[in-house]
Amino acid sequence: MKLLTKLAVALVLVLGSLMLLAETVTAAPVQPDPTGLSVTTAPRLDPKGHPMAGQYLVVATLKTADGTAVENQPVSFYEQVQFIGQMRDALIGTATTDSTGTAVVAYQPVQTGVHTLVAHSAASAQYAQSATTSTLQVSQVVSPFPAVIEPLASVRAALTIGVALVVIVVWAFLIGLAVRAITGIRAGSEAMQPVE
């Protein structure tokens, strides 16, 4: 009986220790660090350092609440556009932050006016998600497709005039034949009438 009592007490102690250990292990989960995201735009420069017309760089900077740069985090860039009567986010591109917490994508708008840009950093195990918007006033755009010279563009105008002249000549010939046929039929019918 004493042995059973000792075993029961030992079992209760072991179970109590396991429950205490389980409570310690399942303590509150670690919260990811909050992050702050800022976004700016700058003109895109050519190799000589001159601004390229209608082209921009969208620059996002990701930092923690204490100002530490967040590196190796993907940042997605969007433009808010109206599509089928609703505002939607159109993806511009995605970039990964460098050691300074900066991610950059090139942006070439297709319309002038005010553009709303959105930068979004998804949540990870270590960092919370973050998003921010910025506006950009665009006064000049460049077509994303280069101008292509149409083959035979100079011939096209002359060809149109030439075809029109041929059609006019053919119709004039056909009308002339019809007039001759009608006058010939009339002259023939008059010649065949009996003389009185």
Side-chain angles (χ1 to χ4, degrees), residues 11-150:
L11 184 61
V12 168
L13 287 174
V14 168
L15 287 175
S17 299
L18 286 175
M19 288 176 65
L20 184 60
L21 182 62
E23 284 179 15
T24 333
V25 170
T26 60
V30 177
Q31 293 293 323
D33 289 340
T35 56
L37 187 64
S38 63
V39 63
T40 58
T41 55
R44 189 173 182 189
L45 304 178
D46 65 13
K48 294 182 180 180
H50 301 107
M52 297 172 71
Q55 297 189 33
Y56 301 89
L57 294 177
V58 184
V59 182
T61 306
L62 185 63
K63 295 187 176 184
T64 59
D66 64 1
T68 305
V70 177
E71 61 180 314
N72 295 323
Q73 278 293 107
V75 177
S76 298
F77 297 87
Y78 301 90
E79 177 185 0
Q80 288 186 344
V81 295
Q82 187 158 1
F83 183 69
I84 311 178
Q86 292 184 344
M87 292 304 290
R88 301 179 190 269
D89 290 341
L91 181 66
I92 297 172
T94 302
T96 303
T97 56
D98 60 13
S99 60
T100 65
T102 303
V104 180
V105 294
Y107 172 57
Q108 185 172 339
V110 294
Q111 293 180 331
T112 58
V114 178
H115 295 257
T116 302
L117 306 175
V118 179
H120 182 269
S121 172
S124 66
Q126 190 175 0
Y127 300 106
Q129 73 173 3
S130 185
T132 188
T133 61
S134 177
T135 57
L136 171 66
Q137 176 66 45
V138 176
S139 58
Q140 182 182 14
V141 294
V142 177
S143 173
F145 304 105
V148 177
I149 298 172
E150 295 180 20

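Numbers here are sequence positions counted from 1.
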When the side chains of residues 45-58 are checked against the rest of the protein, which donor-acceptor pairs come out under 3.5 Å, sequence neighbours left out?
from	atom 1	to	atom 2	distance (Å)
Asp46	OD1	Lys48	N	3.0
Asp46	OD1	Gly49	N	2.9
Asp46	OD1	His50	N	2.8
Gln55	OE1	Arg44	NH1	3.2

Which atom pairs, one a donor and one an acceptor, fall under 3.5 Å between side chains of residues 88-97 and the rest of the protein, sequence neighbours left out?
from	atom 1	to	atom 2	distance (Å)
Arg88	NE	Phe83	O	3.3
Arg88	NH2	Gln86	OE1	3.0
Thr97	OG1	Val70	O	2.9
Thr97	OG1	Asn72	N	3.1
Thr97	OG1	Gln73	N	2.9
Thr97	OG1	Gln73	O	3.4

Exercise for review: Report the C-alpha distance between Leu117 and Phe77 in whole Å, list the side-chain angles of each, state the deciding distance to 0.1 Å, and finish with yes or no for side chain to side chain contact (heavy atoms under 4.5 Å, CB included).
Suggested key: CA-CA 7 Å; Leu117 306 175; Phe77 297 87; over 6 Å; no
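Closest approach of Ala60 and Ala119 over heavy atoms only: CB-CB, 4.2 Å. For the residue pair Lys63 and Ala69, the shortest heavy atom distance occurs at CG-CA, 4.1 Å.
The neighbour count for Gln137 CD, taken as heavy atoms of other residues, nucleotides or ligands under 6.0 Å away, is above 12.
Take Thr68 and apply the side-chain hydrogen bond (donor to acceptor under 3.5 Å, both in side chains) test, not counting sequence neighbours, and it matches Asp66. The side-chain hydrogen bond (donor to acceptor under 3.5 Å, both in side chains) search around His120 returns none, not counting sequence neighbours. Under the side chain to side chain contact (heavy atoms under 4.5 Å, CB included) criterion, Thr112 pairs with Val141, sequence neighbours left out. Taking Thr116 as the reference, nothing meets the side-chain hydrogen bond (donor to acceptor under 3.5 Å, both in side chains) condition, with sequence neighbours excluded.
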